[in-house]
Amino acid sequence: QVQLVESGGGLVQAGGSLRLSCTVSGRTFSTINMGWFRQAPGKEREFVATINWSGRGTDYADSVKGRFTITRDNAKNTVWLQMIRLNSEDTALYYCAAKTKGFMSSTASNYDYWGQGTQVTVSS
């Protein structure tokens with residue numbers, strides 16, 4: 001069983017920055033592809049970013065390219081999502097997810113384990 005714990009969410013003004021963290025336990029972290037997803041009220045969960053097991057491969061949703069950066073440290077069992085130039089459309093509950101088989105993915109249903117989410121609220 002894999003456990004994921006997110007942190008780092010909060011209230012920030014438009015144009016500001018936040019860094020989300022997700023710490024993983026229960027499995028060798030360096031074998032897991034990781035992803036960040038988000039869900040705003042009344043909307044479906046959407047892909048934000050993904051990183052492969054080595055950290056050398058990443059992918060982003062078009063809406064966050066150039067503003068968000070996903071990184072990981074396999075020695076710390078942690079993946080981060082650095083977010084800059086935040087705007088009101090980034091307001092959502094952000095989830096960390098683990099994909100234990102295959103390649104990294106932008107499809108939520110391909111992920112095996114999920115964290116509880118951390119709220120990001122951007123005020124305009």
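This one's a predicted model, so the numbers in the text were calculated from it and none came from an experiment.
Remark: side-chain polar atoms of Asn52 are paired, donor with acceptor, to backbone N or O of Arg56 under 3.5 angstrom.
Every ring pair (Phe, Tyr, Trp, His ring centres under 6.0 Å) that Phe47 has, sequence neighbours left out, goes to Phe37. Applying the ring pair (Phe, Tyr, Trp, His ring centres under 6.0 Å) criterion to Tyr94, with sequence neighbours excluded, gives no partner residue. The ring pair (Phe, Tyr, Trp, His ring centres under 6.0 Å) check on Trp53 picks up nothing, with sequence neighbours excluded. A search for salt bridge (charged side-chain N to carboxylate O under 4.0 Å, His left out) contacts involving Lys76 returns nothing, not counting sequence neighbours.
For the pair Trp36 and Cys96, the minimum side-chain heavy-atom distance is below 4.5 Å. Looking at heavy atoms from C-beta onward, Val24 lies in side-chain contact with Ile32 at the 4.5 angstrom threshold. Side-chain contact between Gln13 and Leu86 is absent, with no heavy atoms from C-beta onward closer than 4.5 Å. Between Leu81 and Phe68 there is a side-chain heavy-atom pair separated by less than 4.5 Å. Contact check for Val79 versus Ile51: side-chain heavy atoms found under the 4.5 Å cut-off. In this structure the side chain of Gln1 reaches within 4.5 angstrom of the side chain of Tyr113, judged on heavy atoms. In this structure, Tyr60 and Thr69 have side chains that are in contact, with non-hydrogen atoms separated by less than 4.5 Å.
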Scan the side chains in residues 116-124 for donor-acceptor partners under 3.5 Å anywhere in the protein, sequence neighbours excluded, and list what turns up.
from, atom 1, to, atom 2, distance (Å)
Gln116, NE2, Glu6, O, 3.4
Gln116, NE2, Glu6, OE1, 3.4
Thr118, OG1, Gly9, N, 3.1
Gln119, NE2, Ala92, O, 3.3
Gln119, NE2, Thr121, OG1, 3.4

Only distances under 3.5 Å count here; give the side-chain donor-acceptor pairs of residues 97-104 to other protein atoms, sequence neighbours excluded, each with its distance to 0.1 Å.
from, atom 1, to, atom 2, distance (Å)
Lys99, NZ, Lys101, O, 2.5
Lys99, NZ, Phe103, O, 2.6
Thr100, OG1, Asp112, OD2, 2.8

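Among Val12, Val48, Leu20, Asp90, the single residue meeting the side-chain contact (heavy atoms from CB on, under 4.5 Å) criterion with Met83 is Leu20.
Atom CD of Glu89 sits in a sparse spot, with 12 or fewer heavy atoms from other residues, nucleotides or ligands closer than 6.0 Å.
Pairing each heavy atom of Thr91 with each of Ala40, the nearest pair is O-CB, 3.6 Å.
For the 3.5 Å distance criterion, the side chains of Arg72 and Asn74 qualify, holding a donor opposite an acceptor.
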